[in-house]
Structure formats: C-alpha cells, structure tokens
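A short write-up of the structure that comes next.
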Amino acid sequence: MLVNCAAYQSGRKVANISLNEIRDYMSRPDCFVWVALRDPEDGELDALQDEFGLHDLPVEDARYGHQRPKIEEYGQSLFMVLHLIEMAGGELITGEAAIFVGERYVLSVRRGAGQGFAAVRARAEQEPELLRHGPAYVLYALMDAVVDRYFPAIEALAEEIEEIEERIFSGETTRASIETLYGLKRRLMVVKHAAGPLIEAVGKLHGGRVPPICSGIQDYFRDVSDHLLRLNQSIDSLRETVTTAIGATISLITIQETEVTKRLAAYAALVAVPTLIAGVYGMNFKQMPELQWMFGYPLVLVIMAALDGYLFYRFRKAKWL
C-alpha cells in the first residue's frame, strides 16, 4: 500500500505526486522523491525497482523481510534494514523497515508495527535548511525516529522490573515471578537484537570511509550512534538486573521451602516422642515396669507433655517454629 509519495526541491516540499510522475521530478535539479510503502504487494515493489534502478538483492530482502538490522552499499545507493519496536499494553510490537536511499530518491518499506513515519516526514518538512542535504538527511531522520522509539520500550520494561523486585522482597515470591522475569529477559533480547547490530552499521556512516551520499552530515549519524551506545548500556544493565532478580527469587523460594521443611520436621518430632513412648507401652508384655502401678498412666502423660514442651522450647529458640 502506498502511504505517501512527495517531491522535494532545495529543502522544500514541491508537491504530493503519483508514482507515474516520479521520473519527471527526479530529472529536475536539486530535487528528490520520498516514497513510503506499507506491506507492499510485489507489483508495487517491482514498479519502484524499475523506477529507481534498485538492485535485485535488497529488493528481495525488502519483499520477504525477516532481516537483521544492517546497512549495505550498492554502487551510489544505500540499503538499510531497521527493526521497529513499540510498546502497547505491556507487550512489545515489532516490525521492520527497509530503506533505499539514492542521490534522488528515498524509499521506505514498512512491515508490521502500527506507528508509521508521518511525524518524521512532518519534522523534516519543518527543517528546510537540513532537508537541503537531500536523501541522506531523510535517512538520518528515519533512523533517529526508530532509535528514539526504543527508549520508551526500555523505560517500560525497567518499570516492570522494579515492580517485580518490590513484590519479590515484600514476600510475594512465587514461581510465577520467575516466569515473568524470563519473559522480561526475552523482551529485552528483542530490543538488544534490534539495537545491537545498528552500532556497527551506523558507524559506517560517520567514521572511516563514509558513503558519498552521506558526506557532509556525519555529525548527525554520530548522534544516532551515541544514542545507540547509551541504549545498549541500558539494555545490558537491565539484563543484569533481571538475572540478579531471577537468582534472588530462586534463593528466596529455596529459603521458604527450607523453612517449611524445618517446621514439618519440628512438628514430626513433637508427634514422634509421645508416639515412641506409647508404642513401648503398647507391646502388651506381661512383665513390664509400672504396668500395675497406680500412678503409671498419669506419669507417662506428664513425661510426654514435658518432653514435647522441652522440644517445643528448643525449636522456637532455633526459630524452627
């Protein structure tokens, strides 16, 4: 589906155009075309491939998706894959954006994720001085928007971790807490797999040999790289916190089970002492001491109660009961 197609000249929007008009506007001096697609059909991609002269390999990647974040250079053009991440109702919604950048065009192909790039386009159109840099600045604006969307997801996951930690140390330690923590760890890995590979990829745009199309705006890509480094540090810190919380939860559950075992053992000892004495005197031998004694029965009860009382005192002192 075509979301938007517009032509820009000298940093300002000229008009919204149809796909049939792309070639005419690309032939104008200082003019480029920005096309946005969402879940495109094969025919749409094929038409734009012919229009922009796109290489077969990146087009195939954009058609089928499921690519790792990357930047590839094809002659005078760039192909970039970004993973889209949004937080909705406590769940991560993921998607993918494939971006083709040439001297006279920008083509973004979005799959999954509900939030598009309309706000990015509006922001770029409000900055004509920067938009004069052409497609390279549009690439920066798209990358910056995608990376900025990772931060709310990380903040939401951090808040969820804090809530779980409070429950853990308030005595609500259960196996369900461990399952929740593992779920958090998996979601953190989703963000890690989206942001981690971009550090190396973005580094190609501001350090060493910079692609000609990006020359002049390396500082902007360096800013994105700084954001990614900070994001990765936050992810690693949260992963450590989750790992520590899982270990603490397992330890607390083990301690709780040990406490239950000690209580059961203490109560079993309290029952075992009178049971032992009653078992001895229940053997029905004719010749047994105190069987005919008048005070034998009450004495045995007193001994049972005294022994249980002593054991109860020792168990309470040892905090088993």
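All values below come from the heavy atoms of this structure, side chains included, with hydrogens, waters and symmetry mates left out. Note that the numbering runs from 1 along the sequence shown for the chain.
- Remark: the backbone N or O of Leu54 is paired with a side-chain donor or acceptor of Gln49 at under 3.5 angstrom.
- In summary, the side chains of Tyr310 and Arg314 do present a donor paired with an acceptor at a separation below 3.5 Å, with no hydrogens or angles considered.
- Residues passing the side chain to side chain contact (heavy atoms under 4.5 Å, CB included) test with Glu103 are Gln76, sequence neighbours excluded.
- For the 3.5 Å distance criterion, the side chains of Glu51 and Tyr105 fail to qualify, holding no donor opposite an acceptor.
- Taking CZ of Arg111 as the reference point, atom CG of Leu37 lies at 9.5 Å (rounded to 0.5 Å).
- Ring geometry for Phe79 against Tyr74 counts as perpendicular: the plane angle is over 60°, on a 0 to 90° scale with 30° as the lower cut.
- Listed by chain and residue number, Glu259 satisfy the salt bridge (Lys or Arg N to Asp or Glu O under 4.0 Å) test with Lys262 (two or more places apart in sequence, or in another chain).
- In terms of modelled atom types and a separation under 3.5 Å, the side chain of His83 and the main chain of Gln67 share a donor-acceptor contact.
- Tested against Asp144 for a salt bridge (charged side-chain N to carboxylate O under 4.0 Å, His left out), the candidates Arg123, Arg222, Arg149 yield a single pass: Arg123.
- At distances below 3.5 Å, not a single donor-acceptor pair connects side-chain atoms of Ser237 with backbone N or O atoms of Gln233.
- Scored by the side chain to side chain donor-acceptor pair (under 3.5 Å) test, Glu44 finds no partners at all (sequence neighbours excluded).
- Not a single donor-acceptor pair under 3.5 Å links the side chain of Ser225 to the backbone N or O of Phe221.
- Between the Arg104 side chain and the Arg23 main chain, no donor and acceptor come within less than 3.5 Å of each other.
- Between Met26 and Phe52, the closest heavy-atom pair is SD-CE2, 3.5 Å.
- A cation-pi arrangement is absent between Arg316 and Tyr313, since the terminal nitrogen or guanidinium carbon is not both under 6.0 Å from the aromatic centre and inside a 45° cone about the axis.
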